[in-house]
Structure formats: structure tokens, C-alpha cells
Amino acid sequence: MKTENLKKEALEKLEQSKDLNDLENIEKEYLGKKGKLRELSSKMKDLTGEERKELGAQINEALNFLEEKIELEKKAFKLEELKEKEEMESLDITFPGVKAFQRGHIHPLSIVKKEIEDIFTFLGFSIIQGPEIEDEWHNFDALNFPKDHPAREMQDTFFIKQKNREELDSREKYVLRTHTSNIQTRYMESHVPPFRIVAPGRVFRYEATDASHESCFYQIEGLLVDEHISVANLKAVLERFLQEFFRNLDVKIRLRPSYFPFVEPGFEVDMSCVVCNGKGCSICQGGGWIEILGAGMVHPNVFKNCGLDPQNLTGFAFGISIDRLAMMKYKIDHIKWFHSGDLRFLKQF
Amino acid sequence: MIISYKFLQSFFKEELGKPKELIEKITLHAFEVELPLKVNGDCALEIKVLPDRGSDALSHLGIARECAAILGLKLAMPKILIKEDDSLHIGNFLEAEVRNNGCRRYMARVLTGVEIGESPDYIKERLKTCGISSINNVVDITNYVMLELGQPLHAFDYEKLSENKKIIIDKANKGEKFESLSNDEYILDTSILTIRDEKDVLAIAGIKGGTKAEVKKTTKAIVLESANFGPNLIYKTSKKIKLRTDSSLRFSHDLDPNLAELALERAAALIQELTGAKVLKGVIDVYPLKEKPKKLLLNINYLRKFLGMDVPLNDIKRILRSLEFEITKEEKDKIQVEVPSFRRDISIEENLIEEVGRIYGYDKIEPVFPVSAQKIERNDSLYWQNNFRSVLKELGFFEVYNYSFIGEKDKADFNLSKLVELENPIAIESEYLRSSLIPNLIKNLRLNLRYEKDIKIYEIGSVFKRNGSFIEKKLFSGLIFPQDYSNLKGYLEEIFNDFGIVDIEYIPNQKEDFMSKRKSAIIKINKKEVGVIGHLSRYVLNALNLDIDPVLFELDFDIIEKGAKNENEYTPVSLFPVATRDISVIVPSNTRIGDVTEVIAVSEGKLLKDIELLDVYDNYAEDLKSITFRIFLQAMDRSLGSEEINKIHEKIISNLEQNPEWEVKK
């Protein structure tokens, strides 16, 4: 049984093979065109039909068997080789990331303003805009500010230079709006209730800059008017807004008495401190509450001034400082940064 | 206003409780209170009385009333006992005449046998807690009663009044001089109300006393004044003469004329008690228009709906009574309420609802979402603004916010006109409202060049002009440095493209403004002028002393917004290969690249997909330039054969060479 012997012999050699090279030699020696197994088949012509058939089958079986074996061995050696190569490789993962291009940045006030607008949109409010130069009627009179209210004076409000200003009617006397509440009066004059709007924008106060005051700052004013709107509604909407903005469903609000000419009653709205959840910490000065915005129920005189009948009409209004929320969100310690135009500040957002 | 805790406690028999807890309650139900300050054995509470409550709450009595309502305590008013001297009637000693209706009530008493000396300790201590220094017993008592009840008082030395002993309340004469108790001199005019005798000014009404009838150690008899002056008059005078006093502060808040009487009696009784003075019989009281209490109707259902809380009727009545309102009538669902005359802030039903709501407790209101079906409008302007910001961020731009103000120098440097001017600028170089965003952007550039190399900034903001009326519009402006015109144009086209704006034209700028006439272009979108792109004029660069030359743009945001579309139409993608050919043309150096591109573009409509500018080489010596383009050809339905491609290439060349000055390199 020569075939069997050759097979055995080849297998023994395979077992002793050390590398791919050995395998190739074995392959050549037994399976090659002039290999030992092929040589066997050359002797077949001397055999009878039956024997020939049998030998042919034996040789084929041995060839297939060895080929398979050699392939397996080859794979094993290749894996071994890859393993060795892999062991040799290395990458310094602490290598600094390369800044391939200059990214752009959106101003933090734009980011925060949009976030506020989005939340109020979810709460069903439309976003309305209005002029920054405003007449005194829409900025003050219609909002129930008495003629001699201190906020109307030059120490508080920017006056636009006009000829014989003092003699003009309040609808012709212009100021830089001191709040976006002017949009409230403009909107109510030209629309039919119910109203559900917020009005973001730049406002102006005659004020020197310190850590939290600016002559230009940003406000969002809200107005919700319908039949039977209540203080309970105001609480729900403002609490929900603050929960969304601070992404904290435990935020609670409380109302304290306050005074603004265009609302009655007026409220100062405090929010439970988001740092300590109302337990008291350095941020809320131990009280657990942070003063966050002003609000109130629309004064009947404001409805009248805007040509609406206050009978069966109630509503609430509120004003939020966008700068203040942005400063809280990003822990910015001085309001001056917003108008600094300093790219070192802006690239952080 | 500072409140002495001990003084406040004197209005109650029961304990007020720990200052810290008291403060919390006052803050939640009435006014904000600062953390208490300990002052030798007493506690100073700084209470921020709301502006509409200045008429009744700028006193210990006012705060005590609030405490009584909040804590459910009974208020104990100070006892007033005066022993009048029946033998001496005031009418024989003093006369008063009110000649101006700025004085709404004038009351006075005369006391004789006054012994000026020190005040007792409790008065001195309470004054000290409230930040007032002790002077002598009479002056201290006037201050003490003001702190106690809120009514400013004044004492004059009776003997120093001119001989007829007549007090006149009248306007000052023009140019009249007055020396105040603090020895400051004022020149008065006819808008200022004074208290005077027949010769001189004794005091500026409601604001400050003078030296003429000053109470001194030697004083034996006094006129004790308790008057009421109109708020506007006092507020205006105080501002005019730049003198704010405890008295002017209170009168500016519209005090109750009925308070004058209580305060006069209280002060007279104290002076008698502490100095042993005789009080002459009777009072002087000029009170032409007597104030009567108002009555208001309160609808209980309205109150409950308005607050969103079912306050029981009994609590409503209890709260109103505790604040000294009277319930004068009760009907089904309605009560009639008489407002005490000191609550001058109460004039409508909603004021009463506030009183009930705050004392009952806003914290008892459970939040309820409003139900209302309403259509919401999308704000397109904001929608586009936000999209703009995203695209600009992708393109590497920083958004800046600048002030709305510019100054005299900006106006001159940028040759700006028709500016809106401020009556009261906050600082120098901020006298005008900006009519362009560029001046402040240039300042940003300058600042940032100190730290950054590559600058790309923009702002979206309102600008203002006066043209008869005031015109306000929204601009979108930006600048880049050191990248050039072609970069900026590329960025703008990316932006326009994102907003579906494809009809864009660049037209030579003929305007005389801050842009260079030679190096800037007017941009039109959809045939409408939208703004400008290019460089600043030499004059401006020179005025700014700017040695770099940034490229900038200023566009009208409102016009862009109107031209913007949300959809870009899809173009089918060809599955066949793109063929390219390069073409170099030599042209005179003043030839515009756009004109050459135009000729190439019209040579082949269907198969020409794109033209890319590869290179421009200037040959200054011969005043020529060589421009190299790459053209991209592609069909939707087949691969283009070289014969077809060559035909197009040749057609382009022959079209270019129709211009005798242009030569195509072969």
C-alpha cells in the first residue's frame, strides 16, 4: 500500500514543519506535478481496470486529505505571523488631536434665546418681535405708567433727540424701549384675544455697566390672555418653563408680592435653587430660593389702553432676562462679556 | 427703609417671634426684607417697601399693620394723652394761611415752657437703629414720630417768627435765598413751595427746615407743624434742588392727609410728657378738601377664579378686616369694602384681590395649566435667523453682539449721515444709534487681531436712520481677515445656496459711502439690491488708521429673508463619467474673469456641468494676464466620446477668440 505509506510520511513531515516554507516544500514533494503522489499515478497504466480504479481513488483521497491538512497548517502559520506583527505595532494614544479647521460659534445669548423660544413654542406661544425705537405711548403710557413715573426720566431711559421734544404728544416722543413689553401693547392693539405670545429682544436702560447691569440687554416678555386666566395658570406655565430650561423637573416656584405698573397684582418669582434643590447653599445664599423673573396679572387699564374691554378678560404677563439665564447656565460672572466681541470668550460656546 | 425690631414689637402685646422667621413671613406676604443686622441689643431690618406702598408703609406702624395681618395679631396703637392749657388758646398766638393748593392740609400746635434737653434712651436707641442721630428731645420726637407713623413733622422756634406770628404757605419769590438746617444755601424760584413768616422763608415745604426758626437749646416755645403736601410738587422740587430727605421721600409717595392729625397729637403728647411743656388749647387745621374713604365692590367668584384658588369667604373677610378695611355691605357673592384712607394704592377690585391673595398665601395656589386652543404662528424671521446662524457656524464664522451705539468719531470716520441721536448718551463715543454694523465690527477685528490670526465674524442686528421719521431695519454684516474677496464671496454663495437663493448679481458700486468705489460690489438677489461686499474706501482706512484691508459685507436681512426658500430642487445624478478639459486664455489685465466665464458658459448649454477657475497669472510687464479654467462635461444618458468632447472644446475656443484681444493658448 504505497499510497497509505506516502500519506503517513507526508503527515509526519507536516507535524514537524516549522514555517510556511516547510509547508511549501511538503506541498511540492507530495502534491506537486512531479510530487510523489502524482508519480504513483503514472504507474497506473500497468494495472488492470479494477486495480486502476481503486488506486486512482486512493490517490485522490490522499491528495484531497493532504491538501486540506496543508491549508489548515498554512492558516495557522499565517495567524501566528499576524499575531507577531500585531505585537510589534504601537500608537501613542496621548498624541494631541489636530485642529484641522476653524469652527464657527453662535453667540451664547443667541443659543439661550433660541432655547427659551423653543420651550415657549412647545408651551403653545407664538414668538413676536417689535421695534427697538419706541414711542412713549407704547413703552409707558399704554402700560399704565403714570406721567411722572421715575422710570420715564432721563436717568433711567434713553431719549431720542427730537426738536421741541417736551411739547410732543407721547405717541410722537421716542425712546429706546426699556422692555419688550412694548410688543405686548402693540400686539394687543392690533389683534383679537385670546393672546399667547412671547416677545424676545434687545432693551435699553440708562445704566452704567457693572457685573450684572448693562445699558443694552435682552429680555423675553410673555403674555397670555383669555377668559378666566388665573394666577394658578401663571404658576403652571412659569414653573414648567423653568423646569424645562434647567432640565430639572423638581424645580418649584414661589410668588412674592411685587409692583409693576402694568400688572395687578405683580409678583416677584423665585425658583427653588437648582444647585441644592432648595436645601440651601452658597448660590442661593442659604435660602433655597433664587429670584428669577417678574410677572403679574395684566392690569385692566392696559387692556383699556389697547382698546380692549377688560370685562371677562384676564391674563398674565412676565419678563425674563435672557442675559441672566445665560449667565446662570454658563456660570458667566460678568455681563460685560456679552458685548465684548472677544473671540476668546465666544469660542467657548 | 430700616425698621427697628424693638420699635416694631412695641405695637404688639404678643411676641413677634424670631427676627429670621418674621423676615421670611414679611418677604413672602408683603415686602422683601434683607437679612437682619444686629445693632446693640436691637435688630435692624431693611425692608424694601414696594413703590405703590410708600404712602402707607414707610413707617413702623405701616409694617406693624402688615405683621398684624400676616401673623393674625392685634395691633396696639400708642396711647395719646394731651393736657391742654385752657387759659391759652392757640388762636391768640398763631395764625396760618395756605395760599397754594400744593399744601393739602396744614396743622399746627403751639407748645410753651419747653425744656430742650436730651431724649430718653429708648428714643435715642430706636433712632440710632434706624440710622438717625439724636439732636435734642424736640427734634428727636419729630423724627421718632415720623419713623413711628410715617408723617414728617417739623418744629419751629416760636419766638423767632416775625412779629405778627403768622405762618404762610406760599411759593418762594424768584431768587430768594434760603439757608437749610444743614447750613446749605439754596436760591429758590417760584416753582418751590415754602413755609414762611411775613418776612422770611422758614422751610422748604415737605423737604427741609431752615436756620431762621431753628429749635436750639435756648428755645422755650415751639410751633409743631404736621402738614400734607402733594406728591408731584415735592418730588419735582426735591429733584430740582437735589435734596432728598426722609420727609421728601414720604411726601413724594402721596401721604394720607388724615395721618397729619394722629401724628400731631402723638408728637405733642410725647413732647409734653418728656419736656413738661404746656400745650396751648386747640389746633390750627387748614384742610380745604377733606379726603373721604372710597368704597369698592368685591366679587367673591371673580376673586376665586382670578387667583385660581377657593379662598373661604370667612378668610376673605378676616384678611380685609385685619388690614383695616371695613366690610360695609354683604350680598350674595359680593361684598362692599370701605378702603381706609391711608391705603391710597387701592382703587380697583384687583387691588383687593391682591390683598387677599398675598395675605392668604400665594403658596396655597396649586399650578393649573391653562386650557386654550389657539393657533400658533411660526416666526419666519427668527426661523431664518437661526438657520443663518447654523450655516455660518459651519462656515467657521463667530457671531458677535455689539452695542447699538456709535460715536462722533465713528460718524466722521465712516462718513455716516442721517443718524439718530440720543438726548442722553451714557458715555462719550456713544451719542448716536448705529446705522451700520460695520464700525463696531472693525473694532472687534482690531481687538481680536491681538490674539487671533484668522478672523471671520458677523452680527445680525438692528440699525437706525432718521429720514423724516425713524427707520429701523435688521442687517446681517460680517468681515473676514486675512482671507480675501473670493473667499468671502464663496461663503456668501454657500449661504445663499442653502436658502435657495440662486439669482445673485454683483454690480459695480457707484455709491459715495464708506465702501471703496473701485473694490466693492452691490449685491442683488432676485433683482433686488440687498447690500454690498468688498473693501473699505481708502479714506475710511486712512481715517481709521487701519493698516490692514479686511473684506466685508453688509446685507439687508429683511430682503434676504423674503427671498429665502426652504426647498432646493433636486437635480438627477448622472451615472456616466465626467470629462474635463483645461483652457488657458491670455487677456488684457483689466479683463474681468466673469466676462470670460460668461463666454464659456454660453458656448454649451446642456453638457457643460461646471467651470472651475484653476489659476490666474499676471504678466505685468505686458499688461496681460493668463487665466486657466477647467471645464466639466457630462451627459445624462451616455458616455461622451472624444469626438463630441473635442467639438465642444473647439467651439469654446473659437467663441473666446472672437474677442480680438483674447488669445487661447494651444
Side-chain angles (χ1 to χ4, degrees), chain A residues 101-107 109-110 114 117 121 124-129 131-133 148 154 158-161 165 174 194 196 202 204 206 208 215-216 224 226 228-233 235-237 239 254-259 264-265 267-268 297 300 314 338-339 341-344 346-347, chain B residues 27-32 50-52 232 235 305-309 348 350-351 353-354 357-358 362-363 365-370 372 374 376-377 379 381-382 386 389 392-404 420-424 426 443-444 447-448 451-452 454 462 464 470 472:
Chain A
F101 60 95
Q102 186 190 307
R103 276 192 57 179
H105 297 270
I106 297 176
H107 196 283
L109 288 174
S110 295
K114 179 166 189 308
E117 288 163 2
T121 305
F125 286 75
S126 297
I127 308 167
I128 309 295
Q129 285 167 299
E132 292 176 20
I133 291 186
D148 52 2
M154 276 190 6
F158 285 106
F159 286 10
I160 304 293
K161 202 172 233 175
R165 191 173 200 286
Y174 288 88
R196 203 164 176 149
R202 178 180 285 209
F204 305 84
Y206 191 86
S215 54
C216 293
L224 196 153
D226 205 339
H228 310 308
I229 293 299
S230 67
V231 179
N233 297 151
K235 263 187 133 174
V237 168
E239 193 164 88
R254 68 174 194 189
L255 308 181
R256 286 188 284 113
S258 189
Y259 173 76
E264 181 61 25
F267 309 113
E268 210 62 65
M297 302 299 287
T314 52
F338 292 134
H339 291 116
D342 193 324
L343 303 193
R344 295 171 301 171
L346 295 168
K347 67 167 60 153
Chain B
T27 297
L28 271 182
H29 296 280
F31 310 119
E32 203 177 327
L50 291 168
D52 62 329
N232 293 349
Y235 179 69
K305 272 190 181 157
F306 189 95
L307 292 174
M309 157 168 79
I348 56 173
E350 286 78 6
N351 297 143
I353 297 176
E354 174 173 34
R358 70 184 176 92
Y362 293 139
D363 54 322
I365 300 176
E366 286 299 321
V368 178
F369 274 97
S372 81
Q374 227 167 292
I376 305 175
E377 294 161 48
N379 187 314
S381 172
L382 285 174
N386 288 327
R389 292 189 172 103
L392 282 150
K393 182 177 169 176
E394 282 174 39
L395 295 174
F397 278 79
F398 282 65
E399 184 186 20
V400 297
Y401 276 37
N402 284 310
Y403 289 105
S404 302
V420 180
E421 195 175 349
L422 291 172
E423 190 85 54
N424 51 338
I426 190 96
K443 288 173 200 159
N444 298 145
L447 166 85
N448 284 297
Y451 322 107
E452 308 280 338
D454 188 6
S462 294
F464 312 88
F470 300 107
E472 182 174 336

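Within every chain, numbering begins at 1; the chains are lettered A, B, ... in the order of the sequence lines, protein sequences first and strands thereafter.
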- Item | Most contacts with chain B, counted as non-hydrogen pairs under 4.5 angstrom, among G341(A), G104(A), P131(A), S215(A) | G104(A)
- The interface call for F369(B) against chain A, heavy-atom contacts under 4.5 Å, is both
- Message: Contact between R254(A) and L28(B) at the side-chain level, heavy atoms closer than 4.5 Å - yes or no?
- Response: yes
- Identify which of D52(B), N402(B), V400(B) forms the greatest number of heavy-atom pairs closer than 4.5 Å to chain A. D52(B)
- Item | Side chains of L422(B) and F159(A) in contact at under 4.5 Å (non-hydrogen atoms) | no
- Task: Go through P265(A), C216(A), P300(A), A208(A) and name the one with the most non-hydrogen pairs under 4.5 angstrom from chain B.
- Result: P265(A)
- Look at the side chain of K235(A) and the backbone N and O of Y362(B), then say whether any donor-acceptor pair between them is shorter than 3.5 Å. yes
- Part of F125(A) within contact of chain B (heavy atom distance under 4.5 Å): backbone
- Given that the side chain runs from C-beta out, which part of I353(B) has a heavy atom under 4.5 Å from chain A: side chain, backbone, both or neither? neither
- Query: Nearest heavy-atom pair of T27(B) and P257(A): which atoms, and what distance?
  - Reply: O-CD, 4.0 Å
- Query: Would a 4.5 Å heavy-atom cut-off, applied to side chains only, mark R344(A) and E452(B) as touching?
  - Reply: yes
- Flag the pair K305(B) / S230(A) as yes when at least one side-chain heavy-atom distance between them is below 4.5 Å, and no otherwise. no
- Message: I'd like to know which of M309(B), H29(B), E421(B) tops the heavy-atom pair count under 4.5 Å against chain A.
- Response: E421(B)
- Would you mind checking if R196(A) and E377(B) are paired as a salt bridge, meaning a charged N to carboxylate O distance below 4.0 Å? no
- Note on the structure: Applying a strict 4.5 Å limit to non-hydrogen atoms, the region of N386(B) in contact with chain A is side chain
- Message: Quick check on R389(B) against chain A: is it the side chain, the backbone, both or neither that has a heavy atom closer than 4.5 Å?
- Response: both
- Message: Using side-chain heavy atoms (C-beta onward) and a distance below 4.5 Å, is E32(B) in contact with R256(A)?
- Response: yes
- Message: Less than 4.5 Å to any heavy atom of chain A: does that hold for the side chain of V368(B), its backbone, both, or neither?
- Response: both
- Task: Answer with side chain, backbone, both or neither: which region of F398(B) has an atom nearer than 4.5 Å to a non-hydrogen atom of chain A?
- Result: both
- Task: Please examine the side chains of N379(B) and S126(A), heavy atoms only from C-beta on, and report whether any two atoms are closer than 4.5 Å.
- Result: no
- Note on the structure: Per-residue tally against chain A (heavy atom, under 4.5 Å) across E423(B), E394(B), R358(B) peaks at E423(B)
- Message: Please find the pair of heavy atoms, one from G124(A) and one from I376(B), that lie closest to each other, and give the distance.
- Response: CA-CD1, 3.5 Å
- Message: Quick check: closest heavy atoms across I133(A) and E472(B), and the distance to 0.1 Å?
- Response: N-OE1, 3.1 Å
- Task: Below 4.5 Å from any heavy atom of chain A, which atoms of F31(B) appear? Answer side chain, backbone, both or neither.
- Result: neither
- Item | Proximal component of S110(A), with respect to chain B [non-hydrogen, under 4.5 Å] | both
- Note on the structure: E354(B) and S258(A) have their tightest heavy-atom pair at OE2-O, 3.9 Å
- Message: If I take atom CG from residue D363(B) and atom CG from residue L255(A), how far apart are they, to the nearest 0.5 angstrom?
- Response: 9.0 Å
- Item | Per-residue contact mode, N448(B) against chain A (heavy atom under 4.5 angstrom) | side chain
- Message: Counting C-beta onward and ignoring hydrogens, is there a side-chain heavy-atom pair between L382(B) and Q129(A) closer than 4.5 Å?
- Response: yes
- Task: With the side chain counted from C-beta on, respond yes when S404(B) and E132(A) share a heavy-atom pair under 4.5 Å apart, and no when they do not.
- Result: yes
- Dump the intermediate steps for side-chain contact (heavy atoms from CB on, under 4.5 Å) on F158(A) and I426(B), then the final yes or no. CA-CA 8 Å; F158(A) 285 106; I426(B) 190 96; 3.8 Å; yes
- Query: Which bit of E264(A) comes within less than 4.5 Å of chain B, counting heavy atoms only: side chain, backbone, both or neither?
  - Reply: both
- Query: side-chain contact (heavy atoms from CB on, under 4.5 Å) between Y451(B) and L343(A): does it pass, once the steps are laid out?
  - Reply: CA-CA 9 Å; Y451(B) 322 107; L343(A) 303 193; over 6 Å; no
- Message: Under 4.5 Å from any heavy atom of chain B, what part of F338(A) do you find: side chain, backbone, both or neither?
- Response: backbone
- Query: Does any heavy atom of chain B fall under 4.5 Å from the side chain of E268(A), the backbone, both, or neither of them?
  - Reply: neither
- Could you please spell out the steps behind the side-chain contact (heavy atoms from CB on, under 4.5 Å) verdict for R103(A) and F397(B)? CA-CA 7 Å; R103(A) 276 192 57 179; F397(B) 278 79; over 6 Å; no
- Item | chain A contact via E366(B) - which portion, at a heavy-atom distance below 4.5 Å | backbone
- Query: Y401(B) vs H107(A) aromatic rings, parallel, tilted or perpendicular, using cut-offs 30° and 60°?
  - Reply: parallel
